[in-house]
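Notes follow once the structure below has been shown.
First listed ligand is number 1; within each ligand, the first listed atom is number 1.
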Amino acid sequence: MNIPSQTGPVPRHIAVIMDGNGRWAARRKRPRAIGHRAGARTVNVCIDFCLERGVEALTLFAFSSENWGRPDEEVGALMKLFLGALDREVGELHRRGVRLRFIGERSRFSEAIRQRMAAAEAQTAGNARLSLNVAASYGGRQDIAMAARALAEDVAAGRLKADDIDETTLGARVALADLPAPDLFIRTGGDLRVSNFLLWQLAYTELWFTETLWPEFGVEELEQALHVYASRERRFGLTGEQIAATQAASPMEGRHP
Ligand code: FPP
């Protein structure tokens with residue numbers, strides 16, 4: 001039986017749905033774009049926090065496949081924000097040892113954005129302090145469908161037998177397969193759902209929700225989320241006794257693979 005060893009107090013990988021920018025702006029009678037701009041500042045706070053606390057990976061849901069359906073003005077403002085962030089922030093992220101990656105349907109973005117995404121990935125590819133993954137035009141179901149298609153192509157080409165398709169082969173084809181699955185999922189803005197984010201990867205992730213709107217989220221609540229996370233017993237479908245036995249067998253490990 002493959003028993004992941006118990007997770008230690010600091011999550012290795014945090015996944016975040018940054019919700020509430022629009023409501024934050026509406027409360028101030030400002031355009032939604034202002035909320036997204038304020039939200040971008042919170043992104044920097046989270047990156048700083050992860051670097052300080054030794055979190056290895058941070059995955060942010062910046063733009064869902066469904067977000068293309070928002071009013072043109074808002075989509076345009078978000079694209080401008082992404083372009084500006086790519087121009088302004090990548091150098092500093094690189095200097096701080098952050099590896100930047102984008103997951104999602106990249107072909108839907110403008111040539112200018114795609115070029116900057118590729119350049120940012122190439123520039124930061126050798127960094128290992130923090131893996132910062134930005135989900136953009138991303139959908140979890142689409143991620144799984146693309147993985148299934150890749151396996152089907154392998155079968156058609158004779159590289160793989162249909163009988164060999166299992167959780168391991170499919171799991172190796174979804175986004176971020178080279179990283180540990182998220183240990184902690186955070187959603188701001190009060191909604192209690194995962195909204196098509198990392199559906200495969202979140203199978204055993206601890207979920208934490210807050211009413212706080214994303215632009216107002218910060219270090220204090222991150223601390224609180226980590227505190228709650230550290231108090232949870234992760235059993236991965238096993239019994240508490242089995243998990244305790246695994247920990248006793250490898251007390252230094254403290255983290256799942
Ligand atoms: C959801 O809030 C947020 C988004 C769709 C965009 C998130 C983008 C950022 C935080 C901008 C910066 C990101 C990067 C990576 C530079 P919402 O608009 O759905 O809020 P609402 O539910 O209150 O309407």
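A salt bridge links Arg101 to Asp178: one of the charged nitrogens lies within less than 4.0 Å of a carboxylate oxygen. The pair Arg193-Asp191 counts as a salt bridge, with a side-chain nitrogen and a carboxylate oxygen less than 4.0 angstrom apart. With respect to Arg53 and Glu223, a salt bridge is recorded, a charged nitrogen being found less than 4.0 Å from a carboxylate O. We find that Glu89 and Arg95 are not joined by a salt bridge, their nearest charged nitrogen and carboxylate oxygen being 4.0 Å or further apart.
Screening residues 75-86 for salt bridge (charged side-chain N to carboxylate O under 4.0 Å, His left out) gives no qualifying pairs among residues at least two apart or on separate chains.
Residue contacts with ligand 1 for Arg32 involve side-chain atoms from C-beta outward but no N, CA, C or O (heavy atoms, distance under 4.0 Å). Within the 4.0 Å heavy-atom criterion, neither part of Leu60 lies near ligand 1. Looking at Leu213 against ligand 1, nothing comes within 4.0 Å, counting heavy atoms.
The closest protein non-hydrogen atom to atom 10 (C) of ligand 1 is Asn21 ND2, 3.5 Å. Regarding atom 16 (C) of ligand 1, its nearest protein heavy-atom neighbour is Ala85 CB, 3.9 Å. Here the heavy atom of the protein found nearest to atom 11 (C) of ligand 1 is Leu81 CD2, 3.6 Å. Closest protein heavy atom to atom 4 (C) of ligand 1: His36 CE1, 3.8 Å. From the protein, the heavy atom lying nearest to atom 7 (C) of ligand 1 is Ala62 O, 3.4 Å. Given atom 3 (C) of ligand 1, the protein heavy atom at minimum distance is Met18 O, 3.2 Å. Of all protein heavy atoms, the one closest to atom 17 (P) of ligand 1 is Asp19 OD1, 3.5 Å.
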Quiz item: Where do Phe185 and Phe209 land on the ring-ring contact (aromatic ring centres under 6.0 Å, His included) test, with the steps shown first?
Solution: CA-CA 8 Å; Phe185 163 98; Phe209 298 90; 5.7 Å; yes
Practice problem: Test Leu58 against Val16 for side-chain contact (heavy atoms from CB on, under 4.5 Å), laying out the working first. | Solution: CA-CA 8 Å; Leu58 173 65; Val16 186; 3.9 Å; yes
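Between Trp214 and ligand 1, a contact under 3.5 Å exists for no N or O pair. The shortest N or O to N or O distance between Phe82 and ligand 1 is not below 3.5 Å. Considering both main-chain and side-chain atoms, Gly22 comes within under 3.5 Å of ligand 1 through a nitrogen or oxygen pair.
Inspection of the His13 and Gln201 side chains reveals no N or O donor paired with an N or O acceptor under 3.5 Å.
Within the listing of ligand 1, atoms 5 (C) sit less than 4.0 angstrom from a heavy atom of Asn67.
The shell of residues lying under 4.0 angstrom from ligand 1, judged by heavy atoms, excludes Gly189. At a 4.0 Å cut-off, at least one heavy atom of Arg70 sits close enough to ligand 1 to count as contact.
Applying the ring pair (Phe, Tyr, Trp, His ring centres under 6.0 Å) criterion to Trp24, with sequence neighbours excluded, gives no partner residue.
Taking the six-membered ring for Trp and thresholds of 30 and 60 degrees, Trp208 and Phe217 have ring planes inclined between 30 and 60 degrees apart.
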